Amino acid sequence: MAITKIADVIVPELFNRYVINRTMELSAFFKSGIVVNSPEFDVLASEAARTHNMPFFEDLQGESEAILEDVKMTAKKIGSNKDVSTTIFRQNMWGASNLSAALAGADPMKAIGDLVADYWARDMQKELIAILSGVFGTTTAGAEGTPAAETRMSDHILDLTTGKTEDAKKIGASPFIDACQLLGDAQAQLSGIAMHSATKSYLKKLNLIDTERDSTDVEFDTYQGRRVTVDDGCPVTSGGVYTTYLFGNGAVAYGNGSPVGFVPTELDRDKQTGGGVDYLINRKAFILHPRGIAYTGAKRDHVETPLRTELAMAENWQPVYEKKQIRIVAIKHKIG
């Protein structure tokens, strides 16, 4: 009886492209339009540099001048700044015992590819939640003479936990409107929302969650017209304080990289263990960047890549776009 091995069914180049595409198809954040793949960021993620400067011109400021006879105009300057992203490197390895059921499938490469893609979709959602924790976090105060603790995105946070009553601390229809108002006349940009499953269940009990169908008859939930993404990685403290995020379409840029010398998919075999063990190794070089919030790299131990714990540090993020151009808002709240 012939035995099917990983090397018999996987062509690394084809497999890697399939996994990348399927990962984006499976991710709830991609489906909702919160994360958008950009060819520009594909190129950046393929660069040898680990951080990437993205200069931009700031918006024009100041008042217009009256047209008066014999009065010269005053030239105004246009400001510039830069957004900064970082490439993230991640990898994992699976043995044949983990993939034995997939190898028995009608199309083993597709079956294994779906398993790996589903894994990366879940893993990248964890990555994004870690980044958001850093973006909306508070820096740690240092010794005397160093900067005090600060929450750099405080003007994008609605903290209901400061309410005077328990009901005032809970998320609901009215506080949600207040959160949108943080962006003023730019609030129409907010098109998606990510929340903990407990938050969704609470809102559903209040009949505030609607179920809709897309053009392919696939059901999805909405809250006040915004598509809901449920992720239990959304922060919740021991005191029962939840964080819910509002996003504009394309608020997070995504790029798939292929730096020189980078091997995204490899096959290996251990001939000395039992009858031999097949291994599948999959690596990713990518950018997952909240637009307008520069990565500072202030807390980073490794040149190769930032760790997930480092991405969750507030010191590593600094808003550089104007307030209304940053399309992410956080709500800190309780539930009933």
Side-chain angles (χ1 to χ4, degrees), residues 4-31 35-52 54 85-103 105 107-131 252-271 276-289 295 297 300-311:
T4 302
K5 299 177 182 178
I6 291 178
D8 297 328
V9 298
I10 290 181
V11 179
E13 292 80 8
L14 298 178
F15 179 81
N16 190 60
R17 176 50 53 187
Y18 179 84
V19 168
I20 287 173
N21 291 337
R22 282 292 287 155
T23 298
M24 291 189 286
E25 290 174 14
L26 292 166
S27 170
F29 284 108
F30 279 96
K31 289 180 186 176
V35 180
V36 174
N37 183 218
S38 167
E40 172 195 358
F41 280 84
D42 287 346
V43 173
L44 292 175
S46 298
E47 290 181 349
R50 295 299 180 253
T51 58
H52 319 282
M54 298 169 285
S85 63
T86 184
T87 301
I88 302 168
F89 288 87
R90 299 289 185 260
Q91 63 182 353
N92 212 331
M93 180 173 73
W94 296 273
S97 57
N98 303 87
L99 304 170
S100 55
L103 287 170
D107 184 349
M109 178 170 164
K110 179 180 182 301
I112 294 171
D114 284 345
L115 287 172
V116 174
D118 200 40
Y119 166 81
W120 284 121
R122 296 191 304 270
D123 194 71
M124 286 176 60
Q125 289 192 188
K126 295 176 184 177
E127 211 79 64
L128 179 55
I129 295 298
I131 290 171
V252 179
Y254 176 71
N256 285 297
S258 183
V260 174
F262 184 74
V263 182
T265 301
E266 285 188 287
L267 306 174
D268 199 6
R269 181 171 174 79
D270 178 1
K271 300 176 182 179
V277 180
D278 285 327
Y279 294 105
L280 169 64
I281 301 166
N282 199 221
R283 303 183 181 92
K284 291 181 70 68
F286 63 96
I287 292 173
L288 199 58
H289 183 67
Y295 171 78
R300 178 167 175 159
D301 287 338
H302 306 280
V303 173
E304 299 88 345
T305 182
L307 305 179
R308 187 171 295 170
T309 52
E310 293 169 341
L311 292 175

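Given the structure is predicted, the values throughout are model-derived calculations rather than measurements.
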Checklist line | Over all atoms of both residues, closest heavy-atom pair of V19 and V116 | finding: CG1-CG1, 3.9 Å
Note to self: Nearest 0.5 angstrom please: Y279 OH to D270 CG, how far?
What the structure shows: 5.0 Å
Check: Donor-acceptor pair, R300 side chain versus V303 backbone, under 3.5 Å?
Finding: yes
Margin query: The criterion is side chain to side chain contact (heavy atoms under 4.5 Å, CB included); which residues satisfy it with K284, sequence neighbours excluded?
Written below: I20, W120, M124, Y254, N256, F286
Note to self: Between L115 and W94, is there a side-chain heavy-atom distance shorter than 4.5 Å?
What the structure shows: no
Notebook entry, point to check: Given R308, which of I129, I88, D123 fulfils the side-chain contact (heavy atoms from CB on, under 4.5 Å) condition?
Noted result: D123
Next item on the list: Check whether any side-chain heavy atom of Y18 lies under 4.5 Å from a side-chain heavy atom of K110, and answer yes or no.
Entry: yes
Next item on the list: For F41 and H52, run side-chain contact (heavy atoms from CB on, under 4.5 Å): C-alpha distance rounded to whole Å, both residues' side-chain angles, the deciding distance at 0.1 Å, then the answer.
Entry: CA-CA 10 Å; F41 280 84; H52 319 282; over 6 Å; no
Next item on the list: List in chain and number order the residues that pass salt bridge (Lys or Arg N to Asp or Glu O under 4.0 Å) with R17, two or more places apart in sequence or in another chain; answer none if no residue qualifies.
Entry: none
Can you give me every donor-acceptor pair (side chain of residues 258-267, partner residue at least two apart or in another chain, under 3.5 Å) with its distance?
{"from": "T265", "atom 1": "OG1", "to": "N282", "atom 2": "ND2", "distance (Å)": "3.1"}
{"from": "E266", "atom 1": "OE1", "to": "R283", "atom 2": "NH1", "distance (Å)": "2.8"}
{"from": "E266", "atom 1": "OE1", "to": "R283", "atom 2": "NH2", "distance (Å)": "2.9"}

Margin query: Return the CD1 to CD1 distance between I10 and I112, rounded to the nearest 0.5 Å.
Written below: 4.0 Å
Check: Under 3.5 Å, is there a donor-acceptor pair between the side chain of T23 and the main chain of A121?
Finding: no
Next item on the list: Just do the side-chain contact (heavy atoms from CB on, under 4.5 Å) check on T87 and L44 with the steps written out, would you?
Entry: CA-CA 8 Å; T87 301; L44 292 175; over 6 Å; no
Next item on the list: Side-chain contact test, heavy atoms from C-beta onward, threshold under 4.5 Å: evaluate it for D268 versus M93 and give yes or no.
Entry: no
Item checked: Any N21 side-chain heavy atom under 4.5 Å of M24 side chain -> yes
Margin query: Contact between L307 and D301 at the side-chain level, heavy atoms closer than 4.5 Å - yes or no?
Written below: no
Notebook entry, point to check: Got V252 and F29 here, is their nearest side-chain heavy-atom distance under 4.5 Å?
Noted result: no
Notebook entry, point to check: Could you give the distance from CD (E127) to CZ (R90), rounded to the nearest 0.5 Å?
Noted result: 4.0 Å
Notebook entry, point to check: Would you call I6 and R269 a side-chain contact if the rule is heavy atoms closer than 4.5 Å?
Noted result: no
Check: Taking the side chain as C-beta and beyond, is there a heavy-atom pair between Q125 and L128 under 4.5 Å?
Finding: no
Item checked: For F89 against A285, the heavy-atom pair lying closest together -> CE2-CB, 3.5 Å
